[in-house]
Amino acid sequence: MWRWICLPLVIAATLAQRVNASAESVEVNLDYVSQRALERAEKPFHDPRLDLPKVLRQENLDYDKYRQIRFRRDKALWTDENLPFRVEFFHPGYVYNEPVHINEFTATHVQQIRFVQDFFDYGNLDIQNEIPANTGYAGFRLLYELNKTNQLDELGAFLGASYFRLLGKDQSYGQSARGLALNCGETDRGEEFPIFTDWWLGKPQKDDTQLTLYALLDSVSCTGAYEFHIRPGETTAADVEAVIYLRDSKIIRQGKTNAQPIKTLGMAPLTSMFWFGKNSERKFDDYRSEVHDSDGMLVKMENGETLWCPLDNPAAMRHQVFNAPDIRGFGLIQRERSFSAYQDSFTSFQDEPSVWVEPHRNWPHDGDLHLVELSANWEGLDNIVAFWSPRNLPKPLTPFHFGYTLYWTRETDYKLSENKVVGTRIGLVSGSGNARQIVIDFAGPKLDAIPLNSPPTAVASCSPNAAITANQVIRNPDAGTWRAVLEMQPKDNNPVDLRCTLQRGTNVVSETWVYQWSPP
């Protein structure tokens, strides 16, 4: 349980600089933030970018100037009291053009953490006199003794729109989560990016091992209240509870925007990068053999079936939708954990976390899982998005509750699947026109127990615009896997949906491999 200091706020030393207003006596909880979200939903959206001082806008503060601004680590929140968590703040400006207002709270009080220039080293810049005291921050970074005792490491960062990233022990940053995704992947309307505009940071006690945060989300079409309970560890978990309010169309129009109605309300969205990997048929001129933050989407369906969908970097955007009522979980997974697969001495792809979403009991019943894959020509683009969207959207100004837990894991202590797909490779069948050979490697304890003289059967199928023309399963002794070798003949130039599962008799002994092949 989260335990509180039952005293008014005591923020030592630099607080006199931070806060001119006195602490307010109030209990901060999800209801408190939800009420503010409802009040804001009753009014048109106000874009916080309009509040950014001109001196901090991108036309005046470019990349080279912005990178001169550094947070002074000794100014981190809760440093003077030697609390287990610390908070550093990001300076607004450049592309981080949405000022965020941050508060601190205990069980009984709350007060604002004002923007303080002395928290930052501005290098050679001379812009301090042009930055108002009520500017706000761009976001914040969390520190904790994650990897070693008496050493503060980065635990996570909340920066930009509703994006955030967390880390477990010995992990390096990779994919991101978001508060909400609106109209993501839709071709008939633009995507809307909600923003965490206000934060409330719960002050921990000296022996606390979890941190509580609240956030107010705002966008043209909706507002929301979010509660985070973050538990650092080898796998870091974050329990999330949310309340969303859609704005009425009349209120949206009052904001003089050209926003279109919400078509997909993406819950628990994950965003990652996949440039190329084992299964890639689009080749790039690069010395590395794989470059990705995630290599597949894992899904646990209500009926107990586990799906593995290898990611791809298509020539044009693909938006796949899976019917997924009462979904048990989904995530973007980094399965390849070998340095030799990447050969990258600067980015530790092998140490980046998978992120798994586990819905709570208040998750809606009927909905779809979406996988959006954008075409990318370089690794700097996050081109993969996964989210779950309810079939029935809530009515305007009606509270829509849902919760879930995010696990940031390398699966060293938290296993998501055992008898699984460990590799997908696809290439042209020599001398056969456009037919494809598909090689799928499966591994796991059930599969290891299968005798070599009695191999499993690959139950494979495809959509009607193609045919499976060959199918065999062989043992791959070098990798310790069972390898399904398929040949697929497309009948036209349209994408082909494929499925493959290993069985022994009528018993399923592996995940279900699902893949949408697109003509290169």
Side-chain angles (χ1 to χ4, degrees), residues 33-34 36-52 95-100 138-139 158-164 175-199 215-226 240 242-272 317-321 357 364 367-374 381-400 402 404:
V33 182
S34 179
R36 276 143 189 80
L38 175 59
E39 292 169 357
R40 193 174 288 188
E42 294 171 340
K43 302 174 184 178
F45 171 68
H46 173 75
D47 190 342
R49 286 175 290 189
L50 301 175
D51 301 328
L52 187 71
V95 297
Y96 307 110
N97 53 13
E98 298 154 346
V100 175
F158 294 77
L159 178 65
S162 67
Y163 287 85
F164 61 96
Q175 64 177 295
S176 301
R178 284 197 259 172
L180 210 62
L182 303 177
N183 295 332
C184 180
E186 301 299 336
T187 57
D188 61 345
R189 64 201 69 199
E191 183 172 356
E192 192 175 315
F193 291 88
I195 304 164
F196 285 137
T197 61
D198 299 79
W199 283 94
L216 177 60
L217 179 139
D218 204 354
S219 187
V220 171
S221 300
C222 72
T223 66
Y226 281 72
V240 182
V243 184
I244 303 298
Y245 296 94
L246 299 188
R247 281 189 167 94
D248 185 89
S249 59
K250 293 181 180 179
I251 296 174
I252 294 174
R253 286 196 295 270
Q254 289 176 18
K256 298 180 180 179
T257 70
N258 58 357
Q260 293 177 286
I262 293 177
K263 186 175 182 179
T264 52
L265 191 156
M267 296 161 49
L270 305 175
T271 299
S272 193
M317 186 191 80
R318 296 194 313 199
H319 185 173
Q320 299 182 67
V321 181
V357 179
D368 300 306
L369 181 63
H370 295 245
L371 176 62
V372 179
E373 298 165 297
L374 304 175
L381 175 65
D382 282 347
N383 62 323
I384 306 294
V385 186
F387 58 88
W388 192 91
S389 182
R391 290 279 180 90
N392 300 311
L393 296 178
K395 295 180 180 179
L397 302 180
T398 301
F400 176 56
F402 62 93
Y404 54 96

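Start at 1 with the first residue, then count along the sequence.
Checked for salt-bridge contact, Asp47 and Arg49 meet the test: a charged N lies under 4.0 Å from a carboxylate O. Between Asp198 and Arg36 there is no salt bridge, since no side-chain N of the basic residue sits under 4.0 Å from a carboxylate O of the acidic one.
Heavy atoms from other residues, nucleotides or ligands lying under 6.0 Å from CG of Asp188 number more than 12.
The line from SG of Cys184 to CG of Leu374 is 7.0 Å long, rounded to the nearest 0.5 Å. Atom NZ of Lys395 sits about 14.5 Å away from atom CZ of Phe400, to the nearest 0.5 Å. Separating the CG atom in Asp218 from the CZ atom in Phe196 is a distance of 11.5 Å, to the nearest 0.5 Å. Here the OG1-CD1 distance, from Thr223 to Ile195, works out to 12.5 Å after rounding to the nearest 0.5 Å. Going from atom CG of Asp382 over to atom OG of Ser272 covers 6.5 Å, rounded to the nearest 0.5 Å. Residue Ile262 holds its CD1 atom at 7.0 Å from OG of Ser219, rounded to the nearest 0.5 Å.
Taking 4.5 Å as the limit, some side-chain heavy atom of Tyr245 sits within range of a side-chain heavy atom of Pro399. Between Pro48 and Val100, the closest side-chain pair of non-hydrogen atoms is not below 4.5 Å. In this structure, Lys43 and Gln254 have side chains that are not in contact, with every pair of non-hydrogen atoms separated by 4.5 Å or more.
Looking only at distances, no side-chain donor or acceptor of Glu98 sits under 3.5 Å from a matching main-chain atom of Thr197. Of the possible donor and acceptor atoms, one in the side chain of Ser389 sits under 3.5 Å from a partner among the backbone N and O of Leu265. Not a single donor-acceptor pair under 3.5 Å links the side chain of Asn183 to the backbone N or O of Glu192.
In plain terms, the two heavy atoms of His370 and Thr264 that are nearest each other are CE1-CG2, 3.8 Å. Of all the heavy atoms in Ala225 and Ala37, the pair that sits closest is N-CB, 4.2 Å. For the residue pair Arg247 and Ala41, the shortest heavy atom distance occurs at CG-O, 3.4 Å. A pairwise comparison of heavy atoms in Leu180 and Pro269 identifies C-CG, 3.7 Å as the closest pair. Across every non-hydrogen atom of Met267 and Pro364, the tightest pair is CE-CD, 3.6 Å. Closest non-hydrogen pair, Tyr404 versus Gly179, comes out as OH-O, 4.4 Å.
Each salt bridge (Lys or Arg N to Asp or Glu O under 4.0 Å) pair with one or both residues in residues 175-184, not counting sequence neighbours, appears once here: Arg178-Glu191.
Of the candidates Phe164, Tyr96, Tyr226, Tyr163, Phe158 forms a ring-ring contact (aromatic ring centres under 6.0 Å, His included) with just one, namely Phe164.
Every side-chain contact (heavy atoms from CB on, under 4.5 Å) that His46 has, sequence neighbours left out, goes to Leu50, Asp51.
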Pair Thr398-Leu246, side chain to side chain contact (heavy atoms under 4.5 Å, CB included): steps then yes or no | CA-CA 7 Å; Thr398 301; Leu246 299 188; over 6 Å; no
Would you please test Val372 and Phe387 for side chain to side chain contact (heavy atoms under 4.5 Å, CB included) and show each step?
-> CA-CA 9 Å; Val372 179; Phe387 58 88; 4.3 Å; yes
Apply the test side chain to side chain contact (heavy atoms under 4.5 Å, CB included) to residues Asp368 and Arg391: give CA-CA distance (whole Å), side-chain angles for both, the deciding distance (0.1 Å), then the verdict.
-> CA-CA 7 Å; Asp368 300 306; Arg391 290 279 180 90; 2.6 Å; yes
With side chain to side chain contact (heavy atoms under 4.5 Å, CB included) as the test, would you mind laying out the steps for Ile244 and Phe402 before giving the verdict?
-> CA-CA 9 Å; Ile244 303 298; Phe402 62 93; 3.5 Å; yes
